[in-house]
Protein chains: 2
Amino acid sequence: MNIGDVARRSGLPAKTIRYYEDIGLIRPQRSENGYRSFREQDLHKLAFLGRARALGFTIEDCRTLVALYEDEGRESAQVKHIAMEHLRQIEDKIAQLQSMRSTLNTLVHACAGDNRPDCPILEDLAQTSPEARSAEKQS
Amino acid sequence: MNIGDVARRSGLPAKTIRYYEDIGLIRPQRSENGYRSFREQDLHKLAFLGRARALGFTIEDCRTLVALYEDEGRESAQVKHIAMEHLRQIEDKIAQLQSMRSTLNTLVHACAGDNRPDCPILEDLAQTSPEARSAEKQS
DNA sequence: ACTTGACCCTCCAGTGACTGGAAGCCCCAT
DNA sequence: ATGGGGCTTCCAGTCACTGGAGGGTCAAGT
């Protein structure tokens, strides 16, 4: 299989696949003409990587997950630890974004959005002291 | 005011303030010794930037917001448009993260996390077809 | 006068995970 | 032989900083 086929079948851009080889995540063989030659197991690994990335795991997490996947002597606790830590970070990120959303939502609703210059959004951003900012309601 | 004072009062790292000058967000004056010399209005602008960044606006959005803030002839619709677009992107991101959280949560709960190698997390990542993946429940 | 330490300066490189583009080879069909 | 699509490498750019090297400045203490 050439890189184009693998890209189609894995859903990953060819560029990304080359990048994954660059950083040592995969090691496809080479044909005589210098083209990368992928086996089914390479495709499988790329699909694995694609799904792990889609779940937001970092490349380094992916590296570890692949290694664990290939390690018959792994302990599921190792995998679970990575997943839980990642889950925690996602939850932190969600909370942070929800806080932004809440504030933005309030501000957007307070702004007339017409042709006049008066704008509560800019007024909020221009507040000189943090404690002077208006209380935010949950969106 | 030197950069250290401004950093303390604005809450932004000195490095970030220098960076903001680099990209033309601020234009502090210079003392004879070459040190940046900040006026109150620079500090005010940096605080504005800090709050806009804390709400997740991109640097380019910040540039526009500052320009609008300083433009007496602005229309609040322009500000509102930027904020609403940003809000939409935040909501997209939240939805994406919530979907990840849901899947991860299911997987984490399904994994024993002991010293045995069997791991539903890895099994899920290794699924060969997307439609073969188990249905996910809301976390 | 000298030293110390806290500041300040610039410039360069690195982060994460790609993505775009240039320049050029390979292969097959017309 | 020409064209088009696919493949190759390498370099640069993305975003918003952040770290560090190497060096100048300033005020206080000895």
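The sequence lines fix the lettering, A, B, ..., with proteins before strands; numbering per chain opens at 1. Just the heavy atoms: all of them, side chains too, but no hydrogens, waters or symmetry mates, feed the values below.
For the atom pair K15(A) NZ and D22(A) CG, the distance stands at 10.0 Å (nearest 0.5 Å).
Along DNA chain C, the stretch of nucleotides lying under 4.0 Å from any heavy atom of chain A spans, 5' to 3', dA17(C) to dC27(C).
Within the 4.0 angstrom heavy-atom criterion, no nucleotide atom of any strand lies near F57(B).
Formation of a donor-acceptor pair under 3.5 Å by the S10(A) side chain with backbone atoms of L12(A) is found in this model. Looking only at distances, a side-chain donor or acceptor of R74(B) sits under 3.5 Å from a matching main-chain atom of P117(A).
With no hydrogens or angles considered, a side-chain donor-acceptor pair links S76(A) and D114(B) at under 3.5 Å.
With sequence neighbours excluded, no residue forms a side chain to side chain donor-acceptor pair (under 3.5 Å) with R53(A).
A sub-4.0 Å separation between OP1 or OP2 of dA16(D) and a side-chain N or O of T16(B) is absent. An OP1 or OP2 oxygen of dC17(D) is reached within less than 4.0 angstrom by a side-chain nitrogen or oxygen of Y20(B).
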**Base-contact (B) and sugar-phosphate-only (S) positions in nucleotides 1-14 of chain D, heavy-atom cut-off under 4.0 Å, - elsewhere** = -----BSBBB----

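One atom, CD1 of I23(B), and another, C1' of dC17(D), lie 9 Å apart when rounded to the nearest Å.
Along DNA chain D, the nucleotide nearest to E32(B) and the one nearest to T58(B) differ in position, and the one closer to the 5' end is contacted by T58(B).
The only option from R36(B), E40(B), R8(B), R39(B) that meets the side-chain contact (heavy atoms from CB on, under 4.5 Å) definition with M1(B) turns out to be E40(B). Only one option out of R27(B), R30(B), K45(B) pairs with E21(B) in a salt bridge (Lys or Arg N to Asp or Glu O under 4.0 Å); it is R30(B).
Within the 4.5 Å cutoff, side-chain heavy atoms of L55(B) are placed close to those of L125(A).
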